Participant: 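Mind looking over this structure? Questions follow.
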Protein chains: 2
Amino acid sequence: MFSIGSLSQKTGVKVTTIRYYEQIGLIDPAIRTEGNQRRYSESELERLGFIRHARELGFSIEAIGKLIELNQLPDKVCAEANTIAYKQLVETQAKIASLKRLETELLRITKHCKGDGQISDCYVLSSLGDHGKCISNHGADESN
Amino acid sequence: MFSIGSLSQKTGVKVTTIRYYEQIGLIDPAIRTEGNQRRYSESELERLGFIRHARELGFSIEAIGKLIELNQLPDKVCAEANTIAYKQLVETQAKIASLKRLETELLRITKHCKGDGQISDCYVLSSLGDHGKCISNHGADESN
DNA sequence: ATAATATCTACAGTCACTAGAGCTTCAAGG
DNA sequence: CCTTGAAGCTCTAGTGACTGTAGATATTAT
(Lines give C-alpha, C1' and ligand atoms only; values in the text may rest on other atoms or scores of the structure.)
Protein backbone atom coordinates (compact mmCIF):
# COMPACT_ATOMS: atom_id res chain seq x y z
CA MET A 1 0.00 0.00 0.00
CA PHE A 2 1.24 3.45 -0.87
CA SER A 3 0.80 6.78 0.86
CA ILE A 4 -0.35 9.67 -1.26
CA GLY A 5 3.15 11.14 -1.34
CA SER A 6 4.55 7.81 -2.43
CA LEU A 7 1.91 7.47 -5.13
CA SER A 8 2.65 11.02 -6.27
CA GLN A 9 6.33 10.23 -6.57
CA LYS A 10 5.78 6.99 -8.47
CA THR A 11 3.29 8.45 -10.95
CA GLY A 12 4.45 12.03 -11.29
CA VAL A 13 0.96 13.21 -10.41
CA LYS A 14 1.01 15.84 -7.66
CA VAL A 15 -0.55 15.19 -4.27
CA THR A 16 -3.04 18.00 -4.71
CA THR A 17 -3.94 16.67 -8.13
CA ILE A 18 -4.52 13.18 -6.75
CA ARG A 19 -6.87 14.65 -4.15
CA TYR A 20 -8.53 16.67 -6.88
CA TYR A 21 -9.08 13.56 -8.97
CA GLU A 22 -10.69 11.85 -5.98
CA GLN A 23 -12.88 14.86 -5.38
CA ILE A 24 -14.18 14.96 -8.92
CA GLY A 25 -14.68 11.19 -8.96
CA LEU A 26 -12.06 10.31 -11.52
CA ILE A 27 -10.55 7.90 -9.01
CA ASP A 28 -12.29 6.09 -6.20
CA PRO A 29 -12.01 7.42 -2.66
CA ALA A 30 -8.98 5.84 -1.06
CA ILE A 31 -9.15 3.60 1.97
CA ARG A 32 -7.89 5.34 5.09
CA THR A 33 -5.60 4.50 8.01
CA GLU A 34 -6.69 5.00 11.60
CA GLY A 35 -5.00 8.38 11.32
CA ASN A 36 -7.23 9.21 8.31
CA GLN A 37 -4.42 9.01 5.78
CA ARG A 38 -5.05 7.65 2.32
CA ARG A 39 -3.54 4.37 1.24
CA TYR A 40 -3.39 3.10 -2.33
CA SER A 41 -3.00 -0.34 -3.88
CA GLU A 42 -0.84 -1.43 -6.79
CA SER A 43 -3.85 -1.45 -9.09
CA GLU A 44 -4.71 2.10 -8.07
CA LEU A 45 -1.14 3.03 -8.89
CA GLU A 46 -1.63 1.58 -12.36
CA ARG A 47 -4.93 3.42 -12.77
CA LEU A 48 -3.30 6.73 -11.95
CA GLY A 49 -0.50 5.97 -14.38
CA PHE A 50 -3.12 5.43 -17.08
CA ILE A 51 -4.72 8.73 -16.20
CA ARG A 52 -1.46 10.60 -16.29
CA HIS A 53 -0.52 9.09 -19.60
CA ALA A 54 -3.85 10.04 -21.12
CA ARG A 55 -3.58 13.57 -19.74
CA GLU A 56 -0.17 13.92 -21.29
CA LEU A 57 -1.70 12.94 -24.60
CA GLY A 58 -4.20 15.73 -24.18
CA PHE A 59 -7.31 13.73 -23.33
CA SER A 60 -9.76 15.71 -21.23
CA ILE A 61 -10.78 14.52 -17.79
CA GLU A 62 -14.17 13.66 -19.21
CA ALA A 63 -12.72 11.56 -22.00
CA ILE A 64 -10.46 9.77 -19.56
CA GLY A 65 -13.44 9.00 -17.38
CA LYS A 66 -15.10 7.38 -20.36
CA LEU A 67 -12.03 5.36 -21.23
CA ILE A 68 -11.85 4.11 -17.66
CA GLU A 69 -15.49 3.05 -17.81
CA LEU A 70 -14.87 1.23 -21.05
CA ASN A 71 -11.95 -0.53 -19.46
CA GLN A 72 -14.33 -2.01 -16.90
CA LEU A 73 -16.42 -3.66 -19.61
CA PRO A 74 -14.15 -6.20 -21.28
CA ASP A 75 -16.92 -7.55 -23.52
CA LYS A 76 -17.71 -4.23 -25.01
CA VAL A 77 -16.56 -3.40 -28.51
CA CYS A 78 -13.69 -0.95 -28.56
CA ALA A 79 -15.05 1.36 -31.25
CA GLU A 80 -15.78 3.96 -28.64
CA ALA A 81 -12.26 4.00 -27.29
CA ASN A 82 -11.02 4.39 -30.80
CA THR A 83 -13.42 7.23 -31.46
CA ILE A 84 -12.21 9.06 -28.37
CA ALA A 85 -8.59 8.61 -29.38
CA TYR A 86 -9.23 9.57 -32.98
CA LYS A 87 -11.06 12.71 -31.92
CA GLN A 88 -8.08 13.62 -29.80
CA LEU A 89 -5.82 13.11 -32.77
CA VAL A 90 -7.90 15.38 -34.96
CA GLU A 91 -7.97 18.09 -32.30
CA THR A 92 -4.22 17.85 -31.87
CA GLN A 93 -3.70 18.24 -35.59
CA ALA A 94 -5.99 21.25 -35.71
CA LYS A 95 -4.11 22.85 -32.85
CA ILE A 96 -0.81 22.26 -34.60
CA ALA A 97 -2.11 23.88 -37.77
CA SER A 98 -3.36 26.85 -35.82
CA LEU A 99 -0.10 27.30 -33.96
CA LYS A 100 1.81 27.06 -37.20
CA ARG A 101 -0.12 30.02 -38.52
CA LEU A 102 0.65 31.94 -35.35
CA GLU A 103 4.31 31.06 -35.70
CA THR A 104 4.38 32.42 -39.22
CA GLU A 105 3.06 35.76 -38.08
CA LEU A 106 5.25 35.98 -35.03
CA LEU A 107 8.30 35.20 -37.17
CA ARG A 108 7.36 37.94 -39.58
CA ILE A 109 6.76 40.40 -36.78
CA THR A 110 9.90 39.68 -34.81
CA LYS A 111 12.34 39.49 -37.67
CA HIS A 112 11.63 43.05 -38.71
CA CYS A 113 12.51 44.46 -35.35
CA LYS A 114 16.08 44.78 -34.17
CA GLY A 115 14.90 46.17 -30.88
CA ASP A 116 16.86 49.35 -31.15
CA GLY A 117 14.26 51.61 -32.75
CA GLN A 118 11.86 53.87 -30.97
CA ILE A 119 8.45 52.80 -29.88
CA SER A 120 6.98 55.27 -32.31
CA ASP A 121 8.52 53.22 -35.13
CA CYS A 122 8.06 49.83 -33.55
CA TYR A 123 7.17 47.12 -36.00
CA VAL A 124 5.91 44.78 -33.31
CA LEU A 125 3.44 47.30 -32.02
CA SER A 126 2.36 48.59 -35.39
CA SER A 127 1.84 45.04 -36.62
CA LEU A 128 -0.35 44.24 -33.67
CA GLY A 129 -2.30 47.40 -34.38
CA ASP A 130 -2.86 46.44 -37.97
CA HIS A 131 -4.10 42.98 -38.81
CA GLY A 132 -3.93 43.89 -42.48
CA LYS A 133 -0.19 43.31 -42.43
CA CYS A 134 -0.70 39.65 -41.62
CA ILE A 135 0.17 37.15 -44.32
CA SER A 136 -1.44 34.21 -42.61
CA ASN A 137 -5.06 34.27 -41.59
CA HIS A 138 -4.27 33.54 -37.98
CA GLY A 139 -7.60 34.45 -36.51
CA ALA A 140 -8.33 32.45 -33.39
CA ASP A 141 -10.01 29.16 -34.15
CA GLU A 142 -13.45 30.22 -35.21
CA SER A 143 -14.91 27.08 -33.74
CA ASN A 144 -16.19 28.98 -30.75
CA MET B 1 -19.31 56.91 -30.30
CA PHE B 2 -20.10 53.20 -30.14
CA SER B 3 -22.24 51.20 -27.78
CA ILE B 4 -20.69 48.09 -26.30
CA GLY B 5 -22.66 45.88 -28.63
CA SER B 6 -21.52 47.92 -31.60
CA LEU B 7 -17.93 47.74 -30.42
CA SER B 8 -18.29 44.00 -29.93
CA GLN B 9 -19.56 43.57 -33.45
CA LYS B 10 -16.82 45.69 -35.00
CA THR B 11 -13.98 44.04 -33.13
CA GLY B 12 -15.20 40.48 -32.71
CA VAL B 13 -14.62 40.75 -28.97
CA LYS B 14 -17.66 39.65 -26.98
CA VAL B 15 -19.60 42.08 -24.80
CA THR B 16 -18.84 40.13 -21.66
CA THR B 17 -15.16 40.04 -22.60
CA ILE B 18 -15.09 43.81 -23.11
CA ARG B 19 -16.60 44.27 -19.67
CA TYR B 20 -14.07 41.82 -18.32
CA TYR B 21 -11.20 43.74 -19.88
CA GLU B 22 -12.47 46.92 -18.26
CA GLN B 23 -12.78 45.15 -14.93
CA ILE B 24 -9.20 43.88 -14.97
CA GLY B 25 -7.92 47.25 -16.14
CA LEU B 26 -6.76 46.23 -19.59
CA ILE B 27 -8.92 48.98 -21.05
CA ASP B 28 -9.97 52.23 -19.44
CA PRO B 29 -13.41 52.54 -17.92
CA ALA B 30 -15.77 53.79 -20.60
CA ILE B 31 -17.60 57.06 -20.39
CA ARG B 32 -21.29 56.58 -19.65
CA THR B 33 -24.59 57.93 -20.94
CA GLU B 34 -27.20 59.32 -18.59
CA GLY B 35 -28.66 55.83 -18.67
CA ASN B 36 -25.33 54.41 -17.50
CA GLN B 37 -24.51 52.77 -20.79
CA ARG B 38 -20.94 52.63 -22.00
CA ARG B 39 -19.86 54.60 -25.04
CA TYR B 40 -16.59 54.12 -26.88
CA SER B 41 -14.55 56.32 -29.21
CA GLU B 42 -12.81 55.43 -32.46
CA SER B 43 -9.46 55.27 -30.67
CA GLU B 44 -10.89 52.87 -28.12
CA LEU B 45 -12.11 50.77 -31.01
CA GLU B 46 -8.57 50.66 -32.36
CA ARG B 47 -7.20 49.79 -28.94
CA LEU B 48 -9.55 46.83 -28.63
CA GLY B 49 -8.60 45.71 -32.12
CA PHE B 50 -4.97 45.70 -31.01
CA ILE B 51 -5.85 43.64 -28.00
CA ARG B 52 -7.81 41.14 -29.97
CA HIS B 53 -5.05 40.76 -32.51
CA ALA B 54 -2.49 40.18 -29.79
CA ARG B 55 -4.74 37.66 -28.07
CA GLU B 56 -5.12 35.78 -31.31
CA LEU B 57 -1.35 35.60 -31.52
CA GLY B 58 -1.29 34.03 -28.09
CA PHE B 59 -0.01 36.94 -26.04
CA SER B 60 -1.15 36.81 -22.43
CA ILE B 61 -3.24 39.56 -20.96
CA GLU B 62 -0.22 40.61 -18.92
CA ALA B 63 2.01 40.85 -21.96
CA ILE B 64 -0.63 42.82 -23.82
CA GLY B 65 -0.88 45.22 -20.90
CA LYS B 66 2.87 45.80 -21.18
CA LEU B 67 2.70 46.34 -24.91
CA ILE B 68 -0.04 48.90 -24.41
CA GLU B 69 2.08 50.74 -21.84
CA LEU B 70 5.00 50.77 -24.20
CA ASN B 71 2.77 52.19 -26.89
CA GLN B 72 2.11 55.19 -24.64
CA LEU B 73 5.84 56.00 -24.46
CA PRO B 74 6.88 56.90 -27.99
CA ASP B 75 10.41 57.84 -26.99
CA LYS B 76 11.15 54.54 -25.37
CA VAL B 77 13.32 52.01 -27.14
CA CYS B 78 11.33 49.11 -28.56
CA ALA B 79 13.60 46.35 -27.33
CA GLU B 80 11.04 45.39 -24.76
CA ALA B 81 8.26 45.01 -27.26
CA ASN B 82 10.55 42.84 -29.30
CA THR B 83 11.42 40.74 -26.29
CA ILE B 84 7.79 40.15 -25.53
CA ALA B 85 7.07 39.16 -29.12
CA TYR B 86 10.12 36.95 -29.35
CA LYS B 87 9.24 35.18 -26.15
CA GLN B 88 5.82 34.51 -27.56
CA LEU B 89 7.40 33.08 -30.68
CA VAL B 90 9.61 30.73 -28.67
CA GLU B 91 6.66 29.54 -26.62
CA THR B 92 4.62 28.94 -29.73
CA GLN B 93 7.41 26.90 -31.25
CA ALA B 94 7.77 24.84 -28.09
CA LYS B 95 4.07 24.17 -28.08
CA ILE B 96 4.16 23.06 -31.68
CA ALA B 97 7.01 20.66 -30.95
CA SER B 98 5.14 19.24 -28.00
CA LEU B 99 1.95 18.77 -29.96
CA LYS B 100 3.88 17.09 -32.77
CA ARG B 101 5.08 14.50 -30.32
CA LEU B 102 1.55 13.95 -29.12
CA GLU B 103 0.37 13.59 -32.70
CA THR B 104 2.97 10.91 -33.33
CA GLU B 105 1.72 8.85 -30.43
CA LEU B 106 -1.92 9.35 -31.17
CA LEU B 107 -1.33 8.30 -34.78
CA ARG B 108 0.41 5.16 -33.60
CA ILE B 109 -2.33 4.36 -31.14
CA THR B 110 -5.25 4.97 -33.46
CA LYS B 111 -3.91 3.25 -36.52
CA HIS B 112 -3.66 -0.07 -34.75
CA CYS B 113 -7.28 -0.11 -33.77
CA LYS B 114 -10.01 -0.88 -36.24
CA GLY B 115 -12.61 -0.36 -33.58
CA ASP B 116 -14.14 -3.78 -33.95
CA GLY B 117 -12.18 -5.68 -31.34
CA GLN B 118 -13.17 -6.19 -27.74
CA ILE B 119 -12.25 -3.88 -24.98
CA SER B 120 -10.15 -6.64 -23.48
CA ASP B 121 -7.95 -6.50 -26.58
CA CYS B 122 -8.16 -2.75 -27.15
CA TYR B 123 -4.97 -1.23 -28.36
CA VAL B 124 -6.02 2.27 -27.39
CA LEU B 125 -6.62 1.31 -23.80
CA SER B 126 -3.62 -0.94 -23.47
CA SER B 127 -1.40 1.76 -24.94
CA LEU B 128 -2.66 4.30 -22.46
CA GLY B 129 -1.99 1.82 -19.72
CA ASP B 130 1.56 1.26 -20.82
CA HIS B 131 3.76 4.25 -21.52
CA GLY B 132 6.53 1.87 -22.50
CA LYS B 133 4.91 1.37 -25.86
CA CYS B 134 5.41 5.02 -26.76
CA ILE B 135 7.96 5.79 -29.46
CA SER B 136 8.01 9.48 -28.79
CA ASN B 137 8.84 10.85 -25.39
CA HIS B 138 5.62 12.81 -25.17
CA GLY B 139 5.70 13.56 -21.46
CA ALA B 140 3.93 16.77 -20.72
CA ASP B 141 6.17 19.79 -20.95
CA GLU B 142 8.36 19.39 -17.93
CA SER B 143 8.63 23.12 -17.60
CA ASN B 144 6.11 23.15 -14.81
C1' DA C 1 10.54 12.53 24.01
C1' DT C 2 11.23 15.84 20.45
C1' DA C 3 11.68 17.63 15.98
C1' DA C 4 10.98 17.22 11.29
C1' DT C 5 8.23 15.65 7.72
C1' DA C 6 4.03 14.09 5.75
C1' DT C 7 -0.78 14.29 5.61
C1' DC C 8 -5.39 16.17 6.37
C1' DT C 9 -9.58 19.49 5.13
C1' DA C 10 -11.42 23.71 3.69
C1' DC C 11 -11.25 27.39 0.95
C1' DA C 12 -9.73 30.29 -2.47
C1' DG C 13 -6.74 31.38 -6.37
C1' DT C 14 -4.91 30.75 -11.41
C1' DC C 15 -6.15 32.27 -16.49
C1' DA C 16 -9.21 34.02 -19.68
C1' DC C 17 -13.09 34.13 -20.11
C1' DT C 18 -18.49 32.97 -19.82
C1' DA C 19 -23.26 32.64 -18.29
C1' DG C 20 -27.39 33.89 -16.05
C1' DA C 21 -30.51 36.32 -12.80
C1' DG C 22 -32.93 40.32 -12.22
C1' DC C 23 -33.11 44.82 -13.23
C1' DT C 24 -32.99 49.39 -16.31
C1' DT C 25 -32.58 51.80 -20.71
C1' DC C 26 -33.24 52.41 -25.47
C1' DA C 27 -35.30 52.13 -29.95
C1' DA C 28 -38.83 50.87 -33.05
C1' DG C 29 -43.52 50.25 -34.25
C1' DG C 30 -48.51 50.83 -33.70
C1' DC D 1 -47.99 58.27 -26.32
C1' DC D 2 -47.68 53.45 -25.20
C1' DT D 3 -46.01 48.89 -25.77
C1' DT D 4 -42.77 45.56 -26.84
C1' DG D 5 -38.58 43.62 -27.71
C1' DA D 6 -33.79 44.26 -27.82
C1' DA D 7 -29.82 46.02 -25.67
C1' DG D 8 -27.53 47.25 -21.68
C1' DC D 9 -26.43 47.11 -16.61
C1' DT D 10 -24.29 44.83 -12.13
C1' DC D 11 -23.35 40.99 -9.47
C1' DT D 12 -22.14 36.48 -8.76
C1' DA D 13 -20.65 32.21 -9.85
C1' DG D 14 -19.08 28.81 -13.16
C1' DT D 15 -15.65 26.67 -16.76
C1' DG D 16 -11.41 23.23 -16.89
C1' DA D 17 -7.60 21.47 -14.74
C1' DC D 18 -5.40 22.23 -11.60
C1' DT D 19 -2.69 24.80 -7.45
C1' DG D 20 -1.63 26.94 -3.05
C1' DT D 21 -2.09 27.95 1.82
C1' DA D 22 -3.64 28.10 6.63
C1' DG D 23 -4.15 25.58 10.54
C1' DA D 24 -4.47 21.32 12.27
C1' DT D 25 -3.19 16.12 12.96
C1' DA D 26 -0.41 11.96 12.07
C1' DT D 27 3.84 9.71 11.09
C1' DT D 28 8.68 9.09 10.97
C1' DA D 29 13.36 9.86 12.30
C1' DT D 30 16.69 11.12 15.79
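Please read these numbers as outputs of a predicted model, since none were measured by experiment. Labels below follow one simple rule: chain letters A, B, ... track the order of the sequence lines, proteins then strands, and each chain is numbered from 1.
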Participant: Does D/dG8 have OP1 or OP2 sitting under 4.0 Å from an N or O in the side chain of B/Ser3?
Facilitator: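 Checking B/Ser3 against D/dG8: at least one side-chain N or O falls below 4.0 Å of OP1 or OP2.
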Participant: Within the 3.5 Å criterion, strictly below it, is a donor on B/Ser41 or B/Glu44 matched to an acceptor on the partner's side chain?
Facilitator: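 Looking only at side-chain atoms, B/Glu44 and B/Ser41 do form a donor-acceptor pair, the distance falling under 3.5 Å.
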Participant: Find the distance A/Gln9:CD to C/dT5:C1' and express it as a whole number of Å.
Facilitator: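 Distance, rounded to whole Å: 13 Å.
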Participant: Distance check needed: D/dT10 C1' versus B/Glu22 CD, whole Å only.
Facilitator: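 Between C1' of D/dT10 and CD of B/Glu22: 12 Å.
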Participant: What is the distance from CE of B/Met1 to P of C/dC26, rounded to the nearest Å?
Facilitator: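 About 14 Å, once rounded to whole Å.
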Participant: Between A/Tyr21 and B/Ser6, name the one whose nearest nucleotide on DNA chain D is closer to the 5' end.
Facilitator: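 So the residue in question is B/Ser6.
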Participant: Can you measure A/Glu62 atom CD to D/dC18 atom P for me and round it to whole angstrom units?
Facilitator: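 Whole-Å distance recorded here is 14 Å.
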Participant: Can you figure out which of D/dT19, D/dA17, C/dC26 approaches the side chain of A/Ile61 most closely?
Facilitator: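 The closest nucleotide is D/dA17.
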Participant: Considering only side-chain heavy atoms of B/Asn36, which listed nucleotide, D/dT19, D/dC9, D/dT27, is closest?
Facilitator: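 So the side chain of B/Asn36 is nearest to D/dC9.
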Participant: Kindly point out which of D/dG8, C/dC8, D/dT19 is positioned nearest to the side chain of A/Ile4?
Facilitator: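 Among the listed nucleotides, the one closest to the side chain of A/Ile4 is C/dC8.
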Participant: Using 0.5 Å steps for rounding, measure from the CD atom of A/Glu42 to the CG atom of A/Leu7.
Facilitator: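 Result: 10.0 Å between the selected atoms.
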Participant: Take atom CD1 of B/Ile18 and atom C1' of C/dT18, then tell me their distance rounded to the nearest Å.
Facilitator: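 Whole-Å distance recorded here is 14 Å.
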Participant: With a 4.0 Å limit, can you tell me whether A/Arg38 has a side-chain N or O closer than that to the phosphate oxygens OP1/OP2 of C/dT7?
Facilitator: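 False: A/Arg38 side-chain N/O out of range (4.0 Å or more) of C/dT7 OP1/OP2.
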Participant: If you assign B/Phe59 and B/Gly35 each to the DNA chain C nucleotide with the nearest heavy atom, which residue ends up on the more 5' nucleotide?
Facilitator: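 Result of the comparison: B/Phe59.
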Participant: Distance check: side-chain N/O of B/Thr17 vs OP1/OP2 of C/dT18, anything under 4.0 Å?
Facilitator: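 It does, given that an N or O in the side chain of B/Thr17 lies less than 4.0 Å from OP1 or OP2 of C/dT18.
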Participant: Could you check A/Arg39 against B/Gln23 and say which one's nearest nucleotide on DNA chain D is further toward the 5' end?
Facilitator: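 The 5'-side residue here is B/Gln23.
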Participant: Apply side-chain contact (heavy atoms from CB on, under 4.5 Å) to the pair A/Arg38 and A/Ile18, showing each step before the final yes or no.
Facilitator: CA-CA 11 Å; A/Arg38 293 169 174 82; A/Ile18 296 170; 5.7 Å; no
Participant: Would you mind reading off the distance between A/Arg52 atom CZ and D/dC18 atom P, rounded to a whole angstrom?
Facilitator: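 So the two atoms are 10 Å apart, to the nearest Å.
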Participant: Please check if atom CD in B/Glu62 has more than 12 non-hydrogen atoms from other residues, nucleotides or ligands closer than 6.0 Å.
Facilitator: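 No, CD of B/Glu62 has 12 or fewer neighbouring heavy atoms, counting only those of other groups under 6.0 Å.
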Participant: What is the distance from CD1 of A/Ile24 to P of D/dT15, rounded to the nearest Å?
Facilitator: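 Those two atoms, CD1 and P, are 12 Å apart.
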Participant: If the threshold is 4.0 Å, N to carboxylate O, is there a salt bridge linking B/Lys66 and B/Glu69?
Facilitator: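 No salt bridge links B/Lys66 with B/Glu69.
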Participant: Taking only the side-chain nitrogens and oxygens of B/Ser60, find out if one of them lies under 4.0 Å from OP1 or OP2 of C/dC15.
Facilitator: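 No, because none of the side-chain N or O atoms of B/Ser60 sits under 4.0 Å from OP1 or OP2 of C/dC15.
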Participant: Can you identify which nucleotide, out of D/dT10, C/dC26, C/dA19, has its nearest atom closest to the B/Arg19 side chain?
Facilitator: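 Per side-chain heavy atoms of B/Arg19, the pick is D/dT10.
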Participant: For B/Tyr20 and C/dT14, what is the distance between atoms OH and P respectively, to the nearest whole Å?
Facilitator: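 In whole Å, C/dT14 P and B/Tyr20 OH are 10 Å from each other.
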Participant: If only atom types and distance count, is the side chain of A/Glu103 paired as donor or acceptor with the main-chain N or O of B/Thr92 below 3.5 Å?
Facilitator: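 No.
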Participant: Between C/dC8, D/dT19, D/dC18, which nucleotide has the shortest distance from any of its atoms to the side chain of A/Arg32?
Facilitator: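 Between C/dC8, D/dT19, D/dC18, the one nearest the side chain of A/Arg32 would be C/dC8.
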Participant: Among D/dT27, D/dC18, D/dG8, find the nucleotide with the atom closest to the side chain of A/Gln37.
Facilitator: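 From the listed options, D/dT27 comes nearest.
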